[in-house]
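In what follows, a single structure is set out as structure tokens and then discussed.
Quick note on labels: first sequence line is chain A, next is B, and so on, each numbered from 1.
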2 protein chains.
Amino acid sequence: MLDLAILGLLHEQEQHGYEIRRRLRDELGLFANISFGSLYPALSRLEAAHAVTVIESSGGAAAPSMPFTGSLSGERAGLRARRAGTPRGTKRSRKVYRITDQGRRLFEQLLDADERPGADDARSFGLRLAFARHIAPQARLALLERRRAQLTRRLATDQVRASGDTLDVYTRSLVEHSTEATEHDIAWLDRLIESERLKQPAPRSENREPHTGDAVTATKGTSP
Amino acid sequence: MLDLAILGLLHEQEQHGYEIRRRLRDELGLFANISFGSLYPALSRLEAAHAVTVIESSGGAAAPSMPFTGSLSGERAGLRARRAGTPRGTKRSRKVYRITDQGRRLFEQLLDADERPGADDARSFGLRLAFARHIAPQARLALLERRRAQLTRRLATDQVRASGDTLDVYTRSLVEHSTEATEHDIAWLDRLIESERLKQPAPRSENREPHTGDAVTATKGTSP
DNA sequence: GTCATCATGTAAGCCGTTACATGATTGC
DNA sequence: GCAATCATGTAACGGCTTACATGATGAC
């Protein structure tokens with residue numbers, strides 16, 4: 001699941017590990033404080049699988065496919081010069097990763113094929129929804145409806161539990177609150193689903209133009 | 001955390017592994033479908049730590065320091081007789097566990113000392129609340145208030161996230177919904193806390209000011 | 001006598017953690 | 001020059017999963 005999160009972030013913008021961690025915390029909120037002991041091995045794995053490539057592992061400019069001097073001292077000089085322009089940041093000795101075409105394929109594959117059992121459902125769904133803008137409208141709808149079905153099932157088992165007479169006060173309160181929370185979640189999903197339906201009124205069996213891939217481009221280059 | 005759940009169930013009634021799993025699923029709801037690959041090793045660990053003892057293992061040996069007939073056929077006959085009384089179940093070759101005094105101590109210790117980082121907060125709290133009736137009133141109150149503080153912190157970070165301008169539609173919706181859910185949780189906790197305070201009006205161990213003045217929301221009555 | 005269910009266990013693996021080790025850059 | 005921060009990595013471990021192995025009991 002971490003792989004999915006990483007690919008999702010790199011989908012938007014090339015970045016280095018340390019920064020990925022920050023965005024995971026500040027933007028996604030999931031993986032509140034993912035540890036480097038998870039993150040870096042994950043990046044290595046993805047690189048080995050050719051899902052990402054290192055486009056810069058030292059000082060050069062982060063511009064895509066822009067060749068730069070191999071001179072280490074030259075790079076250093078360049079960075080010193082650049083530092084004057086940017087008050088903070090712009091460190092050296094970092095590896096900037098970029099997602100590959102294969103990585104993009106893997107991303108989409110993970111996005112709708114993963115949902116492995118044993119995984120935290122809520123987290124898994126949250127992660128997918130956070131990247132929902134990158135997927136086709138009908139896949140988005142399917143994601144929402146799968147989640148809705150999941151919650152409906154939970155509601156059913158909660159009600160069975162609540163109907164038992166063996167629960168003590170605290171457990172009963174817990175179950176009742178859980179039921180309310182689930183109902184709240186479902187109502188929210190229903191609003192999202194309706195809003196999706198309004199955006200794409202007719203599902204139209206096949207040959208649906210698969211979302212022209214603009215709007216995804218990196219809006220900012222190397223800006224700190 | 002599984003250890004805590006097991007001890008909590010055995011706290012109430014001696015049982016064998018298979019049955020513990022069923023109660024974990026049907027009563028607690030947490031550990032929806034704990035696997036035997038987790039459960040049995042956990043029981044073995046607890047036994048090795050003298051937190052539980054095997055009080056009956058119908059197949060033959062393994063009863064600790066309690067001698068009984070070594071006759072296999074004898075055991076079988078006894079079980080056959082017992083089966084007639086109970087229409088289903090009452091299998092043989094199972095190990096019935098009982099919690100020990102040491103286990104009870106461990107239980108209480110886990111109950112308020114655990115809360116390890118990296119654990120699923122909600123699940124951990126739910127588990128503790130499910131066993132809340134076994135702990136001292138002030139410990140119960142402390143549990144609720146710790147959880148409340150936790151959720152308040154979450155609310156704060158969610159609000160920071162929401163105030164950023166980089167979030168896309170779906171992520172924003174997610175954060176907003178998460179905020180609502182957390183507020184809902186806090187309101188529920190406040191109801192529980194108030195009801196606890198009513199049950200034990202004056203904590204007054206020494207320097208305790210029963211900080212009133214909360215009276216937060218409480219939109220709906222405690223009993224639906 | 002065979003199949004479903006109850007019952008216990010082991011082995012391998014996944015996915016995350018903390019703790020530890022190292023080094024570059026920059027502020028003071 | 002020294003400490004704080006940025007940045008990357010390795011090692012050991014934790015807690016759970018699935019897959020596999022075994023066997024007893026009861027229904028038919």
Exercise for review: Using whole Å, report how far CG of Leu4(B) lies from C1' of dG15(D).
Suggested key: 14 Å

Exercise for review: Any pair with a residue in residues 136-170 of chain A that passes ring pair (Phe, Tyr, Trp, His ring centres under 6.0 Å), sequence neighbours left out, goes on the list, sorted by first then second residue, please.
Suggested key: none

Review point. When the distance from CG of Leu24(B) to P of dT17(D) is rounded to whole Å, what number comes out?
Key: 10 Å

Practice item. Name all residues meeting the side chain to side chain donor-acceptor pair (under 3.5 Å) criterion together with Ser173(B); count only those two or more places apart in sequence or in a different chain, and write none if there are none. Key: Trp188(A)

Donor-acceptor contacts, no H, no angles, side chain residues 37-55 of chain A, under 3.5 Å, sequence neighbours left out:
| unit_1 | atom_1 | unit_2 | atom_2 | d |
| --- | --- | --- | --- | --- |
| Ser44(A) | OG | Tyr40(A) | O | 3.1 |
| Arg45(A) | NH1 | Asp3(A) | OD1 | 3.1 |
| Arg45(A) | NH1 | Asp3(A) | OD2 | 3.2 |

Review point. Nearest of dG9(D), dC6(D), dT17(D) to any side-chain atom of Tyr18(A)?
Key: dC6(D)

**Study point:** Any Ser35(A) side-chain N or O less than 4.0 Å from OP1/OP2 of dT17(C)
**Key:** yes

Exercise for review: Give one of base, sugar-phosphate or nothing for Gly37(B), where a contact means two heavy atoms less than 4.0 Å apart.
Suggested key: base

**Study point:** Side chain of His16(A) (C-beta onward), nearest among dT17(D), dT17(C), dA7(D)
**Key:** dA7(D)

Study note, to complete from the structure: Rounded to whole Å, the CG-C1' distance (Asp121(B) to dT17(C)) equals 14 Å

**Study point:** Glu56(B) CD to dT8(C) P, straight-line distance once rounded to whole Å
**Key:** 11 Å

Point to revise | side chain to side chain donor-acceptor pair (under 3.5 Å) partners for Asp168(A), two or more places apart | key: Thr171(A), Arg133(B)

Exercise for review: Remember a base hit wins even if backbone is also touched, and classify Leu39(B) as base, sugar-phosphate or nothing at under 4.0 Å, heavy atoms.
Suggested key: nothing

Practice item. Could you check whether the rings of Phe36(A) and Tyr18(A) sit parallel, tilted or perpendicular, using 30° and 60° as the cut-offs? Key: parallel

**Study point:** d(CZ, Arg22(A); P, dT5(D)) in whole Å
**Key:** 17 Å

Practice item. Would you indicate which nucleotide in dT8(C), dC16(D), dT8(D) comes nearest to any side-chain atom of Arg94(B)? Key: dT8(C)

Check your understanding: Looking across every strand, which nucleic acid part, if any, lies under 4.0 Å from Asp3(A) by heavy atom: base, sugar-phosphate, or nothing?
Key -> nothing

Check your understanding: Within this structure, what is the CE-to-P distance between Met1(B) and dT17(D), rounded to whole angstrom?
Key -> 11 Å

**Study point:** Pair Phe107(B) + His11(B): ring centers closer than 6.0 Å
**Key:** yes

Review point. For the pair made of CG in Leu30(B) and C1' in dG15(D), what is the distance, rounded to whole Å?
Key: 16 Å

**Study point:** Selection from dG9(C), dG9(D), dC16(D) that lies nearest to any side-chain heavy atom of Lys95(B)
**Key:** dG9(C)

Check your understanding: OP1, OP2 of dG15(D) versus side-chain N and O of Ser38(B): anything below 4.0 Å?
Key -> no

Study note, to complete from the structure: Residues in residues 40-47 of chain A with a heavy atom under 4.0 Å of DNA chain D, by number, are Tyr40(A)

Check your understanding: With sequence neighbours excluded, what pairs up with Ala122(A) under the side-chain contact (heavy atoms from CB on, under 4.5 Å) test?
Key -> Asp120(A), Arg147(A)

Check your understanding: Could you give the CD-to-C1' distance, from Glu19(A) to dC6(D), as a whole number of Å?
Key -> 11 Å

